[in-house]
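Owing to the predicted nature of the structure, the values given are computational and were not obtained by experimental measurement.
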Amino acid sequence: LGELFKNILLHSGPPNASIIFSGFSAKANSALNSAVNCAEDMGHTYVGTEHLLLATLREDCAASGLLESHGMHAERLRSAILDVAGNGSPSSLSPADMTPRLRAVIERASACAVRGGAAFIGSEHLLYAVTEESGSAGSRLLSACGVNLTELRGDLTSLANIHHVYFSGCVSNAWGY
């Protein structure tokens, strides 16, 4: 993958330590760290797009508000994840344990933010990228829980248009997240 993910891996600290993901907003940074924690708590051996969505839902950010407006709530998603992937003994993970799909989502979110002229990669960029990654566990779980991904992307785009920051099919960081 690109330089962004290589830099994340190079700056990873010891397990269970918060990592500063350079170029991400505070909310997106928190969601990425929380995704690792979510996967650890469920006893999973990887960090996937589903864990990122769950962590995002637990943040107070633009992306979580949009997900909730589409009927997705943290406990509902957690239950759906456990139904699909099961629950194991708590594990110890790091960003190196991110799945290729999650890495692709991070790269896509970064490209989206750059094309949109955003100063940072925000939670809304990550959510938009998950919805675009149709084969990811996160997008499949959202769909299985009744979230219409096309409508969700449309709402992300509409919200960005209200703030006049829509560029090249991407949502920019207009909301400070």
About how many Å separate [atom2] of [Y] and [atom1] of [X], when rounded to the nearest 0.5 Å?
X: Arg101; Y: Arg108; atom1: CZ; atom2: CZ; value: 9.5 Å
X: Ile81; Y: Leu141; atom1: CD1; atom2: CG; value: 6.0 Å
X: Met72; Y: Leu66; atom1: CE; atom2: CG; value: 13.5 Å
X: Thr131; Y: Glu151; atom1: OG1; atom2: CD; value: 12.5 Å
X: Leu53; Y: Leu77; atom1: CG; atom2: CG; value: 6.0 Å
X: Met42; Y: Leu93; atom1: CE; atom2: CG; value: 12.0 Å

Shortest non-hydrogen contact between [X] and [Y], atoms and distance:
X: Ala31; Y: Ala55; answer: O-CB, 3.2 Å
X: Ser25; Y: Gly122; answer: OG-CA, 3.7 Å
X: Ser94; Y: Val47; answer: O-CG2, 4.3 Å

Checklist outcome for this item: Checking Glu50, Arg58, His44 against Cys38 for side-chain contact (heavy atoms from CB on, under 4.5 Å), the one that qualifies is Arg58

Next on the checklist: Using the rule side-chain contact (heavy atoms from CB on, under 4.5 Å), only one of Leu57, Leu67, Thr56 pairs with Leu127; which is it?
Outcome noted: Leu67

Item to check | Ring center gap for Phe120 and His125 short of 6.0 angstrom | outcome: no

Checklist entry - Step by step, would you call Lys27 with Asp60 a side-chain contact (heavy atoms from CB on, under 4.5 Å)? => result CA-CA 8 Å; Lys27 298 287 184 173; Asp60 180 21; 4.1 Å; yes

Can you find a heavy atom in the side chain of [X] that is under 4.5 Å from one in the side chain of [Y]?
X: Ser123; Y: Glu59; answer: no
X: Thr150; Y: Arg153; answer: yes
X: Asp155; Y: His70; answer: yes
X: Val84; Y: Arg140; answer: no
X: Thr49; Y: Ser139; answer: no

Checklist entry - Under a single-linkage definition using a 4.5 Å side-chain heavy-atom cutoff for Ile, Leu, Val, Met, Phe, Trp and Tyr, are Leu149 and Leu126 assigned to the same hydrophobic cluster? => result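 Shared cluster, yes.
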
Checklist entry - Just checking, any donor-acceptor pair under 3.5 angstrom between side chains of Asn33 and Asn37? => result no

Checklist entry - Donor-acceptor pair, Ser79 side chain versus Arg76 backbone, under 3.5 Å? => result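 Looks like no, no N/O pair under 3.5 Å.
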
